[in-house]
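Heads up, the thing below is written out as structure tokens.
Letters A, B, ... mirror the listed sequences (proteins, then strands); counts begin at 1.
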Amino acid sequence: MALTQLSLAEQLVLTLAALILFTSFLLLAQNRIVSLIHTFAWQGVLLFVTTCLMAANSGRHHLFISAGLTLALKVFFIPWQLRRLVIKLDIRRDVEVVGGPSLVMIAGGVLVLFSYYVVLPIRELSFLASRNTIAISLAVILIGMLMIITRRKAVAQVIGFMSLENGLFFAAVVATYGMPMVVELGIAFDVLVAAILFGIFFFQLRSGIGSLDVDHLNRLHEVDR
Amino acid sequence: MNGWLLAIVQTGLLIAAAPFLAGWVKWVKCRLQSRQGPPPWQPYRDLHRLFGKEVVVAAVASPIFRSAPYLIFSVTALACSVVPLVAIGLPTTAIADVIVLVGFFALGRFFLALAGMDIGTSFGGMGASREMTIASLAEPAMLLGVFTLAMTVHSTNLASMISYLLENPFQLYPSFVFAAMGMVLVAVAETGRIPIDNPATHLELTMVHEAMILEYSGRHLALMEWAAMLKLMIYSVLLVNLFCPWGLVVDYTPPALLQGLLVVTVKVLLLGTILAFAETALAKMRLFRVPQYLALAFILCLLGILSHVILEVN
């Protein structure tokens, strides 16, 4: 189906999907912790708008509940919680050096291409107008993983994990109009619990090794040498 | 015949209006900084003053130094004739496409860098090497952005691109959003506006464009500055007419032409105002951060192509 045959709302969903992918790239390149958290919140906003549009388009009103959950958790609660932690740990001004930013970006681009080719056969199974965005959601997931691999600081890795979860949620919304409500609620509370647990984990990590840089964990030995 | 006449008038209009746009941006910027500021037509007075002054050329200058202003100005003026300002489908726009336009800019930049290095002052050499660094990073991004548009409209010719967009009623292409963002970043870098280069400076270690033309005076300097203004004008007209083509004229009747002229004036002045706002809000970037900035532009244009392939085809 060519783009010109779609309605304006469906075109808007496609554009929003592309913008979500763009925020993923921004997360990959951003090296200031606070802007990283803000970019993550913006990704949540885009996800919320997309879900609302899908709900209004398809008339499936349970999607509004997931949209509300997204707004409450990923736009307000988790970024607020992370920001509070960052201020408490006094790492607000920390600048993380992303190793070879352009190389990481190129890797991100390659991941987008890869997910496009992987998704090609899967795409044929869906009949929604938004089925083209399945590749985008897979790319968001993979870029989240790439972010976890390339970053050293625990906070950035947590944000990578959360954006990975954003990708999963987005895939569910655009491919099948969302998961069953029970599953969605379960995942939402999982994410919530994870955010709180990560907070405790940060403090443990800091008191244990004196830094949030997880590379220090490699140097732990039973006996001091 | 009518078309040729219109094309010549349009090119002349573009060349004549360029100083006004530069003056307008400066005026809005001064207003935003609570200064009175020179009136928007001040660049005309400056150009007039410079044309009246005597030319001082260094004793070691080669013919390249003397001929560069004329070459650069004429190449930029030639680029103006390719850009559709008011009407589309003119005979001049059929001669060349966007890739030739990028080539024109590259040719002008080549002579600009040569002229900068010609006298052998350290400022000129520094400016030239910086300009080439920025250009070598900006040009791929620019071409990638152009290709993103070309894939949607199946042409690299500006006139047929715009007429395709005019024929199809309002469509929201995801790839256009990215191409627009990427090309705005490239345009800012190529015209030497604030996050990359400060157009208001004359003696500063970080300047790029001003460093190359530091040795020029009189009518040579006037032509160089006018060419820089033309470049700003071409990029703004390109941006508004590619991404917001409504108001361009297809039939050449006087009332329609007048209306098209009015619309494009409003659009370009609006873009100039936005540029002034951005320049007031942003600080100049460190030179070593420019590659990162242009990498962002490149990634945006690459995402444009990818989103075209993923989202828009079938």
Residues in ring-ring contact (aromatic ring centres under 6.0 Å, His included) contact with B:Phe105, at least two apart in sequence or another chain: B:Tyr235

Give every donor-acceptor pair under 3.5 Å between a side-chain atom in residues 68-90 of chain A and any protein atom, sequence neighbours left out.
unit_1: A:Thr70; atom_1: OG1; unit_2: A:Ser66; atom_2: O; d: 2.8
unit_1: A:Lys74; atom_1: NZ; unit_2: A:Glu165; atom_2: OE1; d: 2.8
unit_1: A:Arg83; atom_1: NH1; unit_2: A:His38; atom_2: NE2; d: 3.1

For A:Ser137, all residues meeting side-chain hydrogen bond (donor to acceptor under 3.5 Å, both in side chains), sequence neighbours excluded: none

Distance, nearest 0.5 Å, that separates [atom1] of [X] from [atom2] of [Y]:
X: A:Tyr117; Y: B:Ile310; atom1: OH; atom2: CD1; answer: 9.5 Å
X: A:Leu14; Y: B:Leu172; atom1: CG; atom2: CG; answer: 8.5 Å
X: B:Ser307; Y: A:Ile136; atom1: OG; atom2: CD1; answer: 6.5 Å
X: B:Leu300; Y: A:Phe22; atom1: CG; atom2: CZ; answer: 4.5 Å
X: A:Met105; Y: B:Phe298; atom1: CE; atom2: CZ; answer: 11.5 Å

CZ (A:Phe64) with more than 12 external heavy atoms under 6.0 Å: yes

Exceeds 12 heavy-atom contacts within 6.0 angstrom, atom CZ of B:Phe243: yes

A:Asn132 versus B:Leu311, closest heavy-atom pair with distance: ND2-O, 3.0 Å

A:Leu120 portion near chain B, given a 4.5 angstrom heavy-atom threshold: neither

Any A:Phe25 side-chain heavy atom under 4.5 Å of B:Leu296 side chain: no

Proximal to chain A - members of residues 177-198 of chain B, heavy-atom separation under 4.5 Å: B:Val177, B:Phe178, B:Met181

